[in-house]
Amino acid sequence: MQVLKHFNMNTKKMFLCICITALAFVSYAQLGFRRADSVKVFENNAQLKLPWAGAHNFVQTSVIDLDFDGIKDLVVFDRTSNSLRDKITTYINNGTANTVDYVHAPQYEKKFPAGLHDWLLLKDYNGDGKEDIFTYENGAIRIYKNTSTSGNLQFSMVVSQLKSSYIPHTVATYIILYSNPIDIPGIEDVDHDGDIDIVAFNFNGITLDYHKNLSMETYGNADSLNFWQDKNCWGNFEENASNNTITLNACSGLIKYDPITIQHAGSSVLLIDMDADRDYDCVLGDVSYCSMNMLTNGNDSSLAIMAAEQTFFPNNTFSTDLNLYPLPFYLDVNNDNKRDLIVGNGAANVSDNQKSIWYYQNTGTDAAPVFNFVKKDMLQDEMIEIGEGSYPVFFDFDADGLKDLLIGNHRKIETSGCTNSNSFTSVHAYKNTGTATSPQFTFVTNDYAGLSSVLAGELSFIITFGDIDNDGDDDMIIGNESGELHRFNNTAGAGNPAVFVQLMPYSMVDNTNTIIDAGTTAAPQLFDVDRDGILDLLIGERSGRIRYYKNTGSLTTPVFTLTSNNIGNVDVLLPCCGGYAVPFMFNDSGTYEMFVGSEQGYVFHYTNIDNNLTGSFTKVDSLLSQPTEVWEGQRVAANFADITNDGLMDMIVGNYRGGAALYLGDLSMGIKNEIAIEQDIAVFPNPSTGNITIRFKNAHNNNVLMHVYNTMGQMVYQTNFDNSQNRDVNLTALGKGVYVCKFLVDGKQFVKRIVIQ
């Protein structure tokens with residue numbers, strides 16, 4: 001399990017952990033979270049193997065030995081963000097013969113260089129048996145060498161922009177080896193001389209350039225990256241500038257770069273020997289087209305004259321029909337020592353985002369593969385995968401006392417063939433079928449409350465709950481991409497499974513009867529911001545700011561009045577893209593604090609809120625942001641609840657890939673000087689019947705303040721005494737349950753969790 005530190009470690013009050021309710025989220029001053037991939041999730045009567053891996057949309061796949069056990073593991077590079085940083089997800093291969101058997105292993109993701117984007121291929125260029133990184137960088141190829149030693153995975157950049165010598169082959173002609181951010185080049189030892197070569201589309205997007213590596217010829221080893229353009233029309237074919245049709249035996253020669261004439265941008269090149277004749281054939285996938293073409297090499301690999309074309313590849317089985325840009329990759333995923341065909345989708349945000357990893361098993365040999373279709377959703381069928389965008393919230397929708405899970409998405413795109421596409425937005429529901437201390441979740445529906453129809457045409461469902469009419473049950477407010485809010489009253493009554501009815505008018509209005517409009521992508525939270533006992537409204541925006549609407553109505557009739565366009569001067573804007581602020585304000589033992597999800601993939605932590613609603617909040621830290629920790633991807637939204645009933649707040653993090661990561665509250669990390677104090681005090685027996693003894697290792701005459709909180713965050717007991725001797729405290733009147741004791745000793749705060757049986 002991985003532990004994430006996330007607080008300013010000089011803040012003493014963070015030792016208090018308080019549980020949260022669905023309305024007034026009372027916090028926790030806990031020390032961290034640990035990733036909880038072991039919490040079970042069930043769907044269609046089967047347990048998901050990878051529920052919390054975070055989902056995938058538009059992927060590229062490569063293999064590498066992550067844990068140095070001699071078995072090639074899997075790296076999935078997701079292009080969903082389409083920005084300055086795309087997501088890497090790592091999986092350990094258990095190596096079960098003839099079986100696709102991967103385990104999510106996020107601890108390796110942080111080992112990869114930060115800022116990788118657009119495309120990623122892992123290829124061993126220097127022949128040391130360790131895959132290196134080839135990736136896109138500013139019209140060229142950047143390369144990181146695998147410098148792992150002693151079982152420690154690590155990479156070092158060796159070339160920031162790879163160069164090649166163009167005709168004539170002299171030093172003076174070395175310029176960047178052109179790479180399009182949408183294209184994916186072919187990287188193999190094309191001429192079988194022991195070093196890696198590159199085949200990539202020319203500036204024109206019509207012909208392929210063959211860049212021969214002269215490392216072996218020049219130095220006698222493969223450790224150098226010395227390229228020159230050996231052929232500017234490799235394969236002797238042209239691809240149409242406007243579509244994916246191929247003309248064989250046609251080569252118009254070197255076409256100089258002219259950005260005005262470029263029409264065709266976006267092709268993926270897979271070099272593969274399909275017929276065991278030791279020359280590379282070529283599989284092409286193209287943007288705006290759903291099928292792939294396979295060209296058979298009728299000559300040697302260097303000269304490479306393509307003699308035949310197979311359209312709709314592979315045509316011996318269910319051929320690839322993947323809307324809208326198929327990306328082929330050749331790797332063994334089922335541990336039979338024969339490389340299989342994996343086809344991802346390269347058209348981010350417009351293609352199928354739940355079934356976009358097509359798996360074709362190789363039933364031939366590794367030298368002469370035969371691909372047979374297996375499934376469209378490899379890995380995706382084993383995880384929480386709701387499409388594009390993920391906005392989770394804990395809510396007990398069946399009123400059984402256990403926190404269930406609802407996840408709204410931005411949209412789900414389903415395709416059937418190249419021309420049939422269906423897009424809609426909905427909320428997925430997972431019932432907590434575990435216990436009060438051991439949660440597990442079971443999929444119930446992909447359209448909770450029929451919201452896809454009720455709010456048809458809207459995008460990005462972001463939900464908050466609260467009893468805003470004071471009838472004892474929690475009502476629902478949904479924000480969407482248009483910036484508006486929709487209110488749904490819970491008509492079930494206290495203690496009953498929720499039944500929601502949309503309240504008219506269609507969009508929520510403020511005190512002036514004007515539609516509340518947060519600009520773009522409204523992320524609401526109901527919370528008593530001004531401590532007047534009535535739930536107010538916070539709304540995060542795409543701008544990275546948070547609006548504050550004070551409830552100027554009553555407990556039964558809310559009236560929301562805009563009080564601030566940017567409460568606390570919070571700003572989580574990522575200049576290149578957006579902010580997408582998702583607020584979560586909470587009460588930390590009487591002190592208000594706030595977490596804010598963001599486009600950047602960080603959950604920012606703010607303090608200095610009390611008595612400062614018109615001032616600037618203090619940004620203290622950010623969850624998941626340390627370079628040693630895991631980054632969950634772009635546009636994260638975090639929600640919190642104590643789902644294990646241990647007095648600690650747990651966290652679920654949604655991401656734009658349509659998945660979720662679960663973290664349980666953890667007290668295993670702390671501040672050294674504070675831990676020393678905590679070791680000086682003991683509370684026993686624990687568990688107990690309510691009669692406990694407090695023992696101090698070192699006696700002092702200073703006063704001790706003791707507060708006890710229940711799992712609702714309510715203080716249910718308080719006392720004070722000196723710590724010169726042992727103290728017996730009778731808490732039997734509190735009843736059975738989990739409680740948190742907070743002590744203040746010599747100006748230091750710390751907590752002890754106790755269980756009364």
Side-chain angles (χ1 to χ4, degrees), residues 1-9 11-22 24-40 51-52 106 392-396 402-405 432 434-441 584-589 591 593-595 597 603-605 607 620-626 629-630 632 636-654 660-671 674-675 678 686-687 708-714 737-742 749-755:
M1 295 289 187
Q2 186 172 24
V3 176
L4 303 183
K5 293 183 290 184
H6 62 275
F7 287 108
N8 180 338
M9 292 301 147
T11 305
K12 293 180 294 184
K13 62 184 173 60
M14 289 182 175
F15 278 84
L16 176 63
C17 334
I18 307 295
C19 300
I20 44 183
T21 69
F25 294 92
V26 190
S27 166
Y28 64 108
Q30 66 203 51
L31 302 182
F33 295 105
R34 60 182 172 86
R35 194 177 188 106
D37 283 346
S38 61
V39 173
K40 297 177 181 179
W52 309 107
V393 59
F394 290 114
F395 173 64
D396 183 9
L402 303 178
K403 292 292 184 183
D404 307 303
L405 178 60
N432 188 342
T435 67
T437 58
S438 181
Q440 67 179 30
F441 297 95
F584 186 91
M585 190 174 286
F586 57 96
N587 187 337
D588 183 3
S589 184
T591 302
E593 301 185 19
M594 182 166 62
F595 291 133
V603 182
F604 293 98
H605 177 207
T607 61
V620 178
D621 201 352
S622 54
L623 307 185
L624 314 178
S625 66
Q626 292 81 4
E629 307 300 352
V630 176
E632 294 297 343
V636 297
N639 197 258
F640 301 80
D642 180 11
I643 62 173
T644 57
N645 199 31
D646 62 357
L648 305 179
M649 189 142 70
D650 309 305
M651 173 176 67
I652 187 168
V653 182
L662 182 64
Y663 295 84
L664 299 182
D666 190 275
L667 283 174
S668 64
M669 303 181 67
I671 311 167
E674 298 285 351
I675 288 178
E678 188 164 348
N686 193 14
V708 181
Y709 297 83
N710 64 16
T711 55
M712 300 298 291
Q714 301 166 323
V738 178
Y739 298 88
V740 176
C741 300
K742 182 180 81 167
Q749 295 187 69
F750 58 96
V751 297
K752 290 286 187 180
R753 185 186 57 160
I754 62 171
V755 178

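Just so it is clear, the structure is predicted and the values come from calculations on it, not from any experiment. Worth knowing before you read on, the calculation uses all heavy atoms, side chains too, and leaves out hydrogens, waters and symmetry mates.
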Exercise. Could you go through the side chain to side chain contact (heavy atoms under 4.5 Å, CB included) check for Glu632 and Tyr663 one step at a time?
Key: CA-CA 12 Å; Glu632 294 297 343; Tyr663 295 84; 2.3 Å; yes

Exercise. Name all residues meeting the side chain to side chain contact (heavy atoms under 4.5 Å, CB included) criterion together with Asp396; count only those two or more places apart in sequence or in a different chain, and write none if there are none.
Key: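 Asp396: side chain to side chain contact (heavy atoms under 4.5 Å, CB included) contacts with Asp398, Asp400, Asp404.
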
Quiz item: Taking only residues two or more places apart in sequence, or in another chain, which ones meet Ser438 in a side chain to side chain contact (heavy atoms under 4.5 Å, CB included)?
Solution: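 Partners of Ser438 by the side chain to side chain contact (heavy atoms under 4.5 Å, CB included) criterion, ordered by chain and then number, come out as Thr435.
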
Quiz item: What's the spacing between Arg35 CZ and Leu664 CG if we round to 0.5 Å?
Solution: 11.5 Å

Quiz item: When rounded to the nearest 0.5 angstrom, what distance separates CZ in Phe586 from CE in Met594?
Solution: 9.5 Å

Please confirm whether the backbone N or O of [Y] pairs with a side-chain atom of [X], one donor and one acceptor, at under 3.5 Å?
X      : Y      : result
Asn432 : Pro439 : no
Asn645 : Thr437 : no
Trp52  : Ala660 : no
Asp642 : Met649 : no

Quiz item: Is there a side-chain contact between Ile754 and Pro687, using heavy atoms and a 4.5 Å cut-off?
Solution: no

Heavy-atom pair of closest approach, residues [X] and [Y]:
X      : Y      : result
Gly434 : Leu402 : O-CD1, 3.4 Å
Pro106 : Asp37  : CD-OD2, 4.1 Å
Val603 : Ala638 : CG2-CB, 4.0 Å
Pro392 : Gly654 : CG-N, 3.7 Å

Exercise. Take Ile643 and Phe441 through the side chain to side chain contact (heavy atoms under 4.5 Å, CB included) test and state the conclusion after the steps.
Key: CA-CA 11 Å; Ile643 62 173; Phe441 297 95; 4.3 Å; yes

Practice problem: Output, in order, the C-alpha distance, side-chain angles, deciding distance and verdict of side chain to side chain contact (heavy atoms under 4.5 Å, CB included) for Phe640 and Phe595. | Solution: CA-CA 10 Å; Phe640 301 80; Phe595 291 133; 3.2 Å; yes

Self-check item: From CA spacing to verdict: side chain to side chain contact (heavy atoms under 4.5 Å, CB included), Lys403, Leu405
Solution: CA-CA 7 Å; Lys403 292 292 184 183; Leu405 178 60; over 6 Å; no

